[in-house]
Structures are given as structure tokens and as C-alpha cells.
Amino acid sequence: MDPFSPYECFTVNDKAFAARPKMTAFEVLGYNYAIFTFTTYGACWRNLRKMAILEVLSHHRIEMNSHVMLSEVKTAMKDSYNKKSMVVTEMDKWFGEVSLNVLFRLVVGKRFTGYSEENERIRKALRSFFDLAGLFVIGDAIPWLRWLDLDGGEKAMKKTAKELDGYVQTWLDEHRCSKNHGADSDYMDALISNINQGFDSYDVDTLIKASSLTLVLAGTDTTVATSTWALSLLLNNRQALNKVIQELDSKIGTKRTVVETDLKDLVYLQAIVKETLRLYPPVVLNVPHEATEDCVVGGYYIPAGTQLLTNIWKMQRDPALYPDPLKFRPERFLTTHKDVDLRGQHFELIPFGAGRRMCRGISFGLQMVQLTLANVLHGFDIVTADGQLVDMAERVGLTNAKANPLNVILTPRLSPNAYA
Ligand code: HEM
């Protein structure tokens with residue numbers, strides 16, 4: 001095994017590598033690192049993480065809020081059912097609408113639907129956040145040049161950060177005015193009630209805005225990319241597509257849609273999601289980690305401050321770990337790799353990262369992807385709009401989805417009452 005392999009960094013020295021590096025994108029886009037995905041390891045990160053788990057991401061909360069996820073999936077299905085036949089649907093937008101609506105309802109208590117100018121601006125700002133968060137800026141490699149902003153990256157980040165802050169500030173003002181922080185409250189209400197004083201040099205409002213935005217940002221693009229890739233892979237692999245439809249029909253029937261309690265029985269669907277996350281992990285190079293202390297990995301001395309970039313994409317396509325690594329074969333997770341799970345214990349499959357900083361939204365994210373995908377596959381016959389199936393998988397993805405959307409035609413296949 002490569003002595004500098006992230007496998008060893010995660011197992012031997014998880015604590016040492018639990019920090020995030022100081023990067024321009026994290027600082028400028030993330031309220032000076034108050035967005036807790038970007039916060040370094042410490043008390044602030046622990047407090048914010050605890051709050052997110054308690055209020056949204058724990059199994060208990062996911063169960064309590066599962067009606068929100070289900071109602072958003074059903075609303076999207078009903079809309080598609082009511083459309084005239086042969087209407088072309090852009091599936092990344094379809095999945096995006098479901099994801100944004102669920103997260104907006106849970107975080108700020110309102111849906112995000114429709115095509116108003118304001119919504120389009122928010123969508124654009126969120127898109128720009130993701131493009132810029134992964135941007136390499138010269139100032140990170142040569143810090144003394146940062147003030148010159150030679151590539152204009154920092155200026156663009158400041159513009160997007162300001163715009164997003166404007167929206168979140170409006171939602172915060174609305175929440176403070178409504179004073180509805182009781183039983184029916186959302187995540188922002190819970191933060192208002194629980195964060196009474198700032199910490200780690202952050203003021204209360206910054207912590208609330210950053211924490212709210214963390215969940216919306218971390219939970220949308222990742223789930224949308226996974227669902228879109230899964231569908232695209234299935235449309236290119238008719239055998240797998242037929243097999244999952246058979247599973248859905250035999251477990252659910254054709255009179256109702258899929259609900260969250262069905263998911264545990266849909267083992268082939270689960271294998272499809274795993275195989276999709278293996279081939280197309282949405283966070284290809286993981287979020288960067290940094291060593292907080294000197295440590296020894298694989299016999300090599302690693303000084304504090306060393307940055308660790310984990311090439312998840314490459315690890316998960318390693319032929320030594322997966323025979324025919326480029327082939328889409330969900331069956332491998334029911335046979336040869338059936339004991340490999342994706343919760344950070346098996347390093348051959350870590351789309352959610354591993355160790356202390358691993359994704360906290362894993363259960364929420366998996367439920368969202370599985371429930372949405374299961375219902376689309378079960379509820380509609382799906383054909384690609386241009387009739388071309390070959391290489392569809394190469395045409396969608398996080399970066400080029402806008403230029404090459406996954407266009408399909410959805411034809412209802414359940415009894416009409418199921419969509420009501
Ligand atoms: C398919 C869906 C998802 C994938 C593949 C994914 C992947 C990841 C990855 C790779 C990381 C970085 C882990 C590391 O540094 O080792 C991460 C962090 C994180 N994710 Fe997710 N994620 C998904 C969905 C979600 C959802 C739905 C939420 C919440 C609504 C969420 C919340 C977070 C948070 C809060 C962190 C930061 C953890 C920390 O820094 O301590 N994620 N995610």
C-alpha cells in the first residue's frame with residue numbers, strides 16, 4: 001500500500017488529520033470559517049455539529065421529519081403526472097427541486113419552488129458557491145501574493161458570499177419577527193432559541209446564518225448529483241434498470257408510491273446507490289484535511305500543517321479492490337463486496353469521507369437519494385428524450401450538468417390514485 005495513502009492517515013492519525021486548512025474559499029465563502037464544514041477542529045466545530053445532529057440529522061429527527069421528504073417527492077411526482085405526455089423533463093432540475101424544497105422546509109420553514117426571478121438568483125448564487133468553493137486561487141499557493149488577487153477568484157467569492165448573506169439575513173430577520181420558535185419550528189428557529197451568545201469570536205447572527213447555510217449547501221448538490229448519476233447509469237444499463245423495477249413492483253406493487261419504511265427491503269436499489277457513489281462520488285477529492293500535530297504515517301514523519309487531499313474517485317476505481325472497476329455492477333455489493341458499507345469503516349468505499357470529519361448527513365442523504373430515485377423509477381417509464389442511450393453517463397455530472405442536462409420523458413406507470 002502507498003505509504004502516504006489516506007487509508008493510513010484516517011486509521012492511524014484521524015485526530016491529527018481532523019482539521020481543515022485555511023483556504024481563501026473557506027474563509028471568504030464560509031463566514032470566516034463559521035460554516036462548520038470549513039471550520040477547523042475544535043470547540044466551535046463540536047458545538048455547531050452537535051446542534052445540526054440534534055435538530056436535523058439524527059435518526060430520531062430524520063424519522064420525525066420523514067413526512068417532509070415524502071411530501072416533496074410526491075408533489076414532484078404529481079406535477080409530472082399532471083403534465084401532458086411527451087414533455088421533456090430535465091432530471092437534474094427535477095431532483096434539485098425536491099432536494100432544495102426539503103432542505104429549505106427543514107432549515108428555514110418554507111418551500112423553494114417555482115421559477116420566480118428571486119429563486120433563480122438564489123439558485124445561481126448557490127451554483128456559484130459550489131463552483132468557487134473548489135477553485136484554486138494563486139493566493140493559497142503563494143500567500144504573499146493574495147492581496148493582488150491576480151486571478152480575480154477572491155473578488156468573485158466576495159460577490160457570491162455577499163449575495164448569499166443577503167438572502168440568509170432576510171430569512172433570519174423574518175424568523176426573528178415571527179417569534180415562532182415553538183413546536184413547529186425549523187432549524188433556524190432552534191438555532192435562535194439555543195445560540196444565545198457568540199463563541200470563538202463569532203457573533204450570534206453569524207453563527208445562525210452560517211449553520212443554516214451549511215445544511216442547505218452540504219445537502220443539495222451532493223444528493224442531486226448522486227440521483228442524476230444513478231438514473232443516467234441505469235438508462236445505460238437496461239438489465240440493471242429492469243431488475244430494480246422488478247424489485248420495486250414485487251415489494252411495493254403498482255397501487256401506491258414508495259415510502260421510507262420500504263427502503264430497507266429494496267436491497268438492489270441500495271446496491272445501485274452504493275455503486276453510483278463508488279463510480280461517481282460527488283466530492284471527488286474530499287474536503288481537504290490538515291494535520292493539527294506532527295505525526296508519523298506509514299513510517300514517514302508528517303509535520304503539523306500538512307494538507308491531505310484524498311482522491312476518493314481514484315481509490316474507488318482501484319482494480320486491486322474492484323474487478324472491472326469502470327463497469328457499473330450493483331451486484332458486486334450483493335455478492336463479492338456485500339460486507340463493504342459506506343459509513344467510513346471500509347476504506348475502499350468512502351464517498352462520505354471517514355473519521356471525525358466524515359459527513360454528518362449520511363443517513364439523511366442516503367434516505368433522500370434512495371426515496372427519490374425509488375419513486376421516479378417505480379412511478380414512471382423513463383426514456384431519454386433524444387432516444388440516445390449510449391454514453392449518457394458521460395454527459396451529466398456536477399460540472400457539466402448545466403450544459404448537458406439529463407433530459408428524459410416520464411410516462412406514468414402506476415394506477416392514477418397512486419399520484420393523488
Ligand atoms: C450523497 C450525499 C452526500 C455525500 C456523498 C456527502 C459527502 C460528504 C463528504 C465527502 C464530506 C467531507 C468528509 C471529510 O472531510 O472526510 C461531507 C461533509 C459534510 N456533509 Fe455531506 N454528503 C452528502 C450529503 C449530506 C447531507 C444531506 C448533509 C446535511 C443535510 C450533509 C452534511 C455534511 C456536513 C455538515 C459535513 C461537514 C462535516 C465536518 O466537517 O465535520 N451531507 N459530506
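All values below come from the heavy atoms of this structure, side chains included, with hydrogens, waters and symmetry mates left out. Whatever order the structure lists them in is the order used to number ligands and atoms, beginning at 1.
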Note to self: Within the structure, is a non-hydrogen atom of Phe36 found at a distance of less than 4.0 Å from ligand 1?
What the structure shows: yes
Within the 4.0 Å heavy-atom cut-off, what Val283 brings close to ligand 1 is side chain
Numbered in order shown, the ligand 1 atoms found under 4.0 Å of a heavy atom of Phe364 are 27 (C)
One finds that the ligand 1 atoms under 4.0 Å from a non-hydrogen atom of Arg20 are 14 (C), 15 (O), 39 (C), 40 (O)
Salt bridge between Asp341 and Lys274, side-chain N to carboxylate O under 4.0 Å? no
Report yes if Trp45 has an N/O atom closer than 3.5 Å to an N/O atom of ligand 1; otherwise report no.
yes
Requested in this report: Would you please classify the geometry between the Phe129 ring and the Phe38 ring as parallel, tilted or perpendicular, with 30° and 60° separating the classes?
Outcome: parallel
(message) I'd like to check whether Asn286 has a polar contact with ligand 1, where a contact means an N/O of the residue lying under 3.5 Å from an N/O of the ligand.
(response) yes
*Would you check the N or O atoms of Thr222, main chain and side chain alike, for any that come under 3.5 Å of an N or O of ligand 1?*
no
Report task. May I ask you to check whether Phe333 and Tyr268 place their ring centers less than 6.0 Å from one another? Result -> no
| request: Establish, yes or no, whether a centroid distance under 6.0 Å links the rings of Phe104 and Trp171. | output: yes
Atoms of ligand 1 under 4.0 Å from any heavy atom of Pro282, numbered from 1 in the order shown, are 5 (C)
TODO: Keeping the roles fixed (side chain from Arg278, backbone from Leu349), state whether a donor-acceptor pair exists under 3.5 Å.
DONE: no
Review point. Is it the case that Tyr202 and Asn32 place a side-chain donor and acceptor less than 3.5 Å from each other?
Key: no
Thr226 heavy atoms within 4.0 Å reach ligand 1 at atoms 1 (C)
Is Arg49 in polar range of ligand 1, meaning some N or O pair under 3.5 Å apart?
-> no
For Pro351, the ligand 1 atoms with a heavy-atom partner under 4.0 Å come out as 5 (C), 7 (C), 10 (C)
Has the side chain of Glu275 got a donor or acceptor atom that lies under 3.5 Å from a matching backbone atom of Arg329? yes
For ligand 1, which is the ligand I care about here, please tell me if Thr223 has any N or O atom under 3.5 Å from one of the ligand's N or O atoms.
no
